Amino acid sequence: MGKSKKVLVYGYFGLQDNQLDGQTIKTRSIYKLLHLNSKELNMSVETYDTQLFKKSKINLFKSWLLISKFTILFYIPAHNNLKYLFPFIYLICKIKGIEIHYVVVGGWLNDFLKNLPVHRFLLKRIKRIYPQTKDLSDNLKKNYSFNNVTQLHNFRFLDNEVNGKKTLQEKIRLVFMARVHPKKGVYTLFKLSDKLKDLGYSNVNIDVYGPIQREFKEEFEGLLRKSTIHIQYCGIINPEDIVDTLSNYDLFLFPTEYYTEGFPGSILDAYLANIPVVVSRWKYANEFVEQDKTGVISKFGNSEDFINKVIELINNSDQINNLKKGVVEIKKKYTPEEAWKIIKNNI
């Protein structure tokens, strides 16, 4: 066995306040994947939570000192970290001979790099870039001649196999789970609730889960007070309970207004819970939602079309049951085992 590799996972873990969103869950999942498989490649794996920068800017320099002690860096930045800190991190790693593996969260990187020639120059020279989507992978190769790009699907760890609801019951349960933020399509959920009331549906309810954006909290609570009985807020689910909780629902709603979503973790969670999805057509929707097989895609930015698609499904229980069968097949692509094969081949 060769010399042990020292691996640092450097990203926003959100451990100070247990923040749960796509960024933190992906960062924690990458660490867990590396840690669980560390013996296979003779690795030791440690973490650095960039949330510590909010406590003190001194932690920024401490983190760079820490990086210099490792042989492999798994770097999982959001926008500002990549824009302002990456050149310094690259320089440290270049001097010390440290491999950089950049795990991309979301689908924004291609557009982000258009006016950043220095970043393009540096990223072309790191060991590996792992986008979530095929489209983004292809664009980075085509537009910037990156030859160090490998797609890495989102993935989740499951303690137990989840079966989900086999067929529709008398009560139809719809669920939204993401950041509670206008850009995630929350207004559309309230419009759907109003429509269900107007049409006289008494057997449908919408449960909303997720952290509420601070600036939106007061307005959201006001909307709940004025809303019909069809919609309610249910709080935040612990990561280990997400899939079990979602398995009690019939349809997952994702009317996002973020066009450059990557592969939303909540869509993956829905698949793992064996429930089909109704989504707006964000940039990469066709890559992760197979129309009329694992879900239904509505027109982007068109809440009426989204609402009509949901109501069509509510009225067609056979179609929902067929979609559930399609979900069982597609979720096999998104296991930790598949993700590890990709990372293992690139370390």
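Since this is a predicted model, take the numbers as computed values, not measurements.
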*Hey, is the main chain of Phe146 close enough, under 3.5 Å, to the side chain of Arg120 for a donor-acceptor pair?*
no
_Sidechain N-carboxylate O distance under 4.0 Å for Glu337, Lys332_ = no
*If we only count heavy atoms from C-beta on, is the Trp340 to Leu34 side-chain gap below 4.5 Å?*
yes
*Using modelled atom types only, decide if a donor and an acceptor are shared between the side chain of Arg28 and the backbone of Phe13 within a distance under 3.5 Å.*
yes
*Counting N and O atoms only, with roles assigned by atom type, does the side chain of Gln51 sit under 3.5 Å from a partner on the main chain of Leu15, one being a donor and the other an acceptor?*
yes
_Exactly one of Tyr130, Phe155, Tyr334, Tyr284 should register a ring-ring contact (aromatic ring centres under 6.0 Å, His included) with Phe263. Which one does?_
Tyr334
_I want to check something: taking the side chain as every heavy atom from C-beta on, are Tyr233 and Ile212 in contact at a cut-off of under 4.5 Å?_
yes
*In a check of side-chain contact (heavy atoms from CB on, under 4.5 Å) between Tyr209 and each of Val180, Ile242, Val175, which one passes?*
Val175
_Check: Tyr75 and Leu82 side chains under 4.5 Å, non-hydrogen atoms_ = yes
*Does atom NZ of Lys293 have more than 12 heavy-atom neighbours, drawn from other residues, nucleotides or ligands, at distances under 6.0 Å?*
no
_Which label fits Phe220 and Phe190: parallel for a plane angle under 30°, tilted from 30 to 60°, or perpendicular past 60°?_
perpendicular
_Would you say the rings of Phe112 and His79 are close, in the sense that their centroids are separated by under 6.0 Å?_
yes
_For Lys83 against Leu116, the heavy-atom pair lying closest together_ = CE-CD2, 4.5 Å
*With a 4.5 Å heavy-atom cut-off, do Thr294 and Lys331 have their side chains touching?*
no
*Heavy atoms only: give me the nearest Asn274-Val327 pair and the separation to one decimal.*
CA-CG1, 3.8 Å
*Quick one: do the Asp135 and Asn139 side chains pair a donor with an acceptor below 3.5 Å?*
yes
*Tyr259 ring centre to Lys283 NZ or CZ under 6.0 Å, with the angle to the axis within 45°?*
no
*Do the side chain of Thr47 and the main chain of Val9 share a donor and acceptor less than 3.5 angstrom apart?*
no
*Result of checking Leu192, Asp198, Leu199 against Leu196 for side-chain contact (heavy atoms from CB on, under 4.5 Å)*: Leu192
*Do Ser247 and Ile275 have side chains that get closer than 4.5 Å, going by heavy atoms?*
no
*Leu73 side, atom CG; Ile98 side, atom CD1 - distance, nearest 0.5 Å*: 7.0 Å
*Without swapping roles, check the side chain of Lys195 against the backbone of Glu304 for a donor-acceptor pair under 3.5 Å.*
no
*What are the two closest non-hydrogen atoms of Gln232 and Asp207, and how far apart are they?*
NE2-OD1, 2.9 Å
*Answer yes or no: is there a donor N or O on one side and an acceptor on the other, between the side chain of Gln132 and the main chain of Gly107, under 3.5 Å?*
no
*Report the distance from atom CG of Asn203 to atom CD1 of Ile172, rounding to the nearest 0.5 Å.*
5.0 Å
*Say whether Arg125 and Asn148, considering side chains only, have a donor N or O and an acceptor N or O under 3.5 Å apart.*
no
*Would you call Lys114 and Asp111 a salt bridge, taking side-chain N to carboxylate O under 4.0 Å as the test?*
yes
*Can you name the closest pair of heavy atoms from Arg128 and Val149 and give their distance?*
NH1-N, 3.6 Å
*Could you tell me the separation between the CG atom of Asp305 and the CD1 atom of Ile297, rounded to the nearest 0.5 Å?*
11.5 Å
*CD of Glu218: more than 12 outside heavy atoms within 6.0 angstrom?*
no
*Give a yes or no on whether a salt bridge exists between Lys341 and Glu338, defined as a side-chain N under 4.0 angstrom from a carboxylate O.*
yes
*Answer yes or no: does atom NZ of Lys141 have more than 12 heavy-atom neighbours from other residues, nucleotides or ligands under 6.0 Å?*
yes
*CG (Leu65) with more than 12 external heavy atoms under 6.0 Å*: yes
*asked:* I'd like to know if the side chain of Asn302 reaches the main chain of Ser298, judged simply by a donor and an acceptor atom lying under 3.5 Å from each other, with no hydrogens or angles considered.
replied: no
*Just checking, any donor-acceptor pair under 3.5 angstrom between side chains of Asn315 and Tyr201?*
yes
_Side chain to side chain, Leu123 and Tyr90, heavy atoms closer than 4.5 Å_ = no
*Residues Phe88, Leu60; criterion side-chain contact (heavy atoms from CB on, under 4.5 Å); working and verdict*: CA-CA 11 Å; Phe88 298 99; Leu60 176 61; over 6 Å; no
*Under 4.5 Å between any side-chain heavy atoms of Pro77 and Leu85, yes or no?*
no
*asked:* How close do Lys184 and Glu261 get, counting heavy atoms only, and between which atoms?
replied: NZ-OE2, 2.8 Å
*Cation over ring, Arg173 on Tyr249, under 6.0 Å and within 45°?*
yes
*Determine whether the aromatic ring centres of Tyr102 and Phe86 lie less than 6.0 Å apart.*
no
*Are Lys26 and Asn154 side-chain neighbours, meaning at least one heavy-atom pair lies under 4.5 Å?*
yes
_Donor-acceptor check, side chain of Trp282 to backbone of Gly262, threshold 3.5 angstrom: yes or no?_
yes
*asked:* Would the distance check show the side chain of Glu99 and the main-chain N or O of Ile347 forming a donor-acceptor pair, the cut-off being under 3.5 Å?
replied: no
*Say whether, by atom type as modelled, one donor and one acceptor occur between the side chain of His119 and the main chain of Leu113 under 3.5 angstrom.*
no
*Does Phe216 have its ring centroid less than 6.0 Å away from the ring centroid of Tyr187?*
yes
*Considering non-hydrogen atoms only, spot the tightest contact between Gln319 and Leu313 and give its length.*
CG-CD2, 3.3 Å
